[in-house]
2 protein chains.
Amino acid sequence: MRWLAPSILCLLWEKPTHGYNLMGALPELGFVDGGVDAAAVYRTLNLFEQQGLVSSVWDTSGSGAAKKLYTLTAAGKTELQRWWQVMREQRDTIDCFLHRLADLPDFIDQLSQSRK
Amino acid sequence: MRWLAPSILCLLWEKPTHGYNLMGALPELGFVDGGVDAAAVYRTLNLFEQQGLVSSVWDTSGSGAAKKLYTLTAAGKTELQRWWQVMREQRDTIDCFLHRLADLPDFIDQLSQSRK
DNA sequence: TGCTTATATATGCAAGTTGCAAATATAAAT
DNA sequence: ATTTATATTTGCAACTTGCATATATAAGCA
């Protein structure tokens, strides 16, 4: 999944949570295609912790298997800001590309025909 | 480089050309970060030809090494339309993500402080 | 003439990323 | 008991990427 890193940072910024819960919440952000890969989520979280972007505590309070509760650090918030800028640039670049194609009339004709 | 495939299709749709020229034109589209990889361009063109998205003829008319002139086929145009839709969705999703973060006030405060 | 630079295409490979499967563990539901 | 849901982790094959290198033609220049 593209944009997994900023998606996790975004969700953790909204609310500290654990990996399994993130898996359920990630599709809301819209970047998923064909299901969230658990391995990728947990690997990203472990990497983030190594990098100091998140901190974790084991939560054994509830029932079932122990949950590892992740919280965004100050460094994690900075990283999220960096991502925000990267994604804004990416959006603008894609937008520019779309307009470049949209300016060309036959192409748009074909597109509107295919919508009918 | 992300979006190399649609970028090449876009440029070929505007005007038939050859690989080396594409390398020079690709940065205009804005997706490059750290230079265009010649290997990636030529590999993509060869793949496109295999898939029937482009057709090629050797151009030995000019001076210097022979150029392989690529032209977009009907299938290539259809593929470009497909990419257009994929990229529009991607832009909308990124836009949604940016707004989700933008709605949160402290975050924006921090961003505006970092701009000063 | 020999050297470098620009044009032009192609191949090889190491490193990184991704996706899918499976291992491990606890507890609830059937 | 067995399956299902919760929860985290590891292994690995396949694919992608970036970088270097090989090959070839011709122009510029000393």
Side-chain angles (χ1 to χ4, degrees), chain A residues 1-9 11-12 15-27 29-51 53-71 79 83 86 90, chain B residues 1-9 11-12 15-27 29-51 53-71 79 83 86 90:
Chain A
M1 173 193 168
R2 272 224 246 290
W3 309 120
L4 178 62
S7 296
I8 289 178
L9 291 174
L11 291 171
L12 285 180
K15 190 168 169 287
T17 189
H18 58 278
Y20 193 84
N21 195 50
L22 283 172
M23 281 176 59
L26 280 166
L29 295 179
F31 295 111
V32 281
D33 35 19
V36 179
D37 181 22
V41 173
Y42 290 110
R43 267 197 275 255
T44 302
L45 286 169
N46 286 325
L47 183 68
F48 281 175
E49 191 161 28
Q50 259 180 259
Q51 296 172 331
L53 306 180
V54 299
S55 61
S56 72
V57 280
W58 282 102
D59 175 12
T60 50
S61 66
S63 69
K67 306 170 225 278
K68 211 166 172 181
L69 194 79
Y70 288 94
T71 306
E79 182 67 8
W83 272 112
V86 166
Q90 190 71 193
Chain B
M1 174 192 167
R2 274 224 243 291
W3 310 119
L4 179 62
S7 295
I8 288 178
L9 291 173
L11 291 172
L12 285 180
K15 190 166 168 287
T17 189
H18 58 279
Y20 192 84
N21 195 51
L22 284 171
M23 281 176 60
L26 279 166
L29 295 179
F31 294 111
V32 281
D33 36 20
V36 178
D37 182 21
V41 172
Y42 290 112
R43 268 197 274 255
T44 302
L45 286 169
N46 286 324
L47 182 68
F48 280 176
E49 190 160 30
Q50 259 182 259
Q51 295 172 331
L53 306 181
V54 298
S55 61
S56 71
V57 280
W58 283 101
D59 175 11
T60 50
S61 66
S63 71
K67 306 170 225 279
K68 212 167 170 180
L69 194 79
Y70 288 94
T71 306
E79 181 67 8
W83 272 111
V86 167
Q90 190 70 194

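What you are looking at is a predicted structure, and each value in this text was computed from that prediction instead of being measured. Letters go in sequence order (proteins before strands), and every chain restarts at 1.
- Rounded to whole Å, atom C1' of C:dT18 lies 12 Å from atom CZ of A:Arg2.
- When heavy atoms are screened at a 4.0 angstrom cut-off, B:Met23 is found touching no nucleic acid atom at all.
- Looking only at side-chain heavy atoms (C-beta outward), B:Glu79 and B:Leu9 come within less than 4.5 Å of each other.
- Residue B:Tyr20 places at least one side-chain N or O closer than 4.0 Å to OP1 or OP2 of C:dT7.
- Residue B:Tyr42 places none of its side-chain N or O atoms closer than 4.0 Å to OP1 or OP2 of C:dA10.
- Atom-to-atom, CG of B:Asp59 to P of D:dT25 comes out at 16 Å; the value is rounded to the nearest Å.
- Considering CG of B:Asn21 and CG of B:Leu26, their distance stands at 9.5 Å, rounded to 0.5 Å.
- Judged as a side chain to side chain donor-acceptor pair (under 3.5 Å), the pairs with a partner in residues 37-49 of chain A (not counting sequence neighbours) are, in order, A:Glu49-A:Ser56.
- The distance from atom CG of B:Leu12 to atom CG of B:Leu53, rounded to the nearest 0.5 Å, is 10.0 Å.
- Note: A:Trp83 and A:Trp3 have perpendicular aromatic rings, judged against thresholds of 30 and 60 degrees for the angle between ring planes.
- Taking atom CG of residue B:Asp37 and atom P of nucleotide C:dT11, one finds them 14 Å apart after rounding to whole Å.
- Contact record, B:Val32 with B:Met1: CG1-SD, 3.9 Å, taken as the closest heavy-atom pair.
- Both A:Lys68 and B:Asp33 sit near DNA chain D, but only A:Lys68 has its closest nucleotide nearer the 5' end.
- Rounded to whole Å, atom P of C:dT7 lies 9 Å from atom NE2 of B:His18.
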Find every protein N or O atom lying less than 3.5 Å from an N or O atom of nucleotides 24-30 of chain C, and list the pairs.
none

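- In this structure, CG of A:Leu47 is placed 13 Å from P of D:dT10, rounded to the nearest angstrom.
- Interface remark: the A:Arg43 side chain does form a donor-acceptor pair with the C:dG19 base, using a distance-only criterion of under 3.5 Å.
- Distance NZ (A:Lys67) to C1' (D:dA7): 8 Å, rounded to an integer number of Å.
- Rounded to an integer number of Å, the gap from B:Tyr70 OH to C:dA8 C1' is 11 Å.
- Backbone-only engagement by B:Asn46 is indicated by non-hydrogen atom pairs under 4.0 Å involving sugar-phosphate atoms exclusively.
- In this entry the distance linking CG of A:Leu26 with P of C:dG19 reads 13 Å, nearest Å.
- Listed nucleotides: C:dC20, D:dA7, C:dA10. Nearest to the side chain of B:Trp58: C:dA10.
- Contact of the A:Leu29 side chain with the A:Leu11 side chain is registered, since non-hydrogen atoms from C-beta on lie closer than 4.5 Å.
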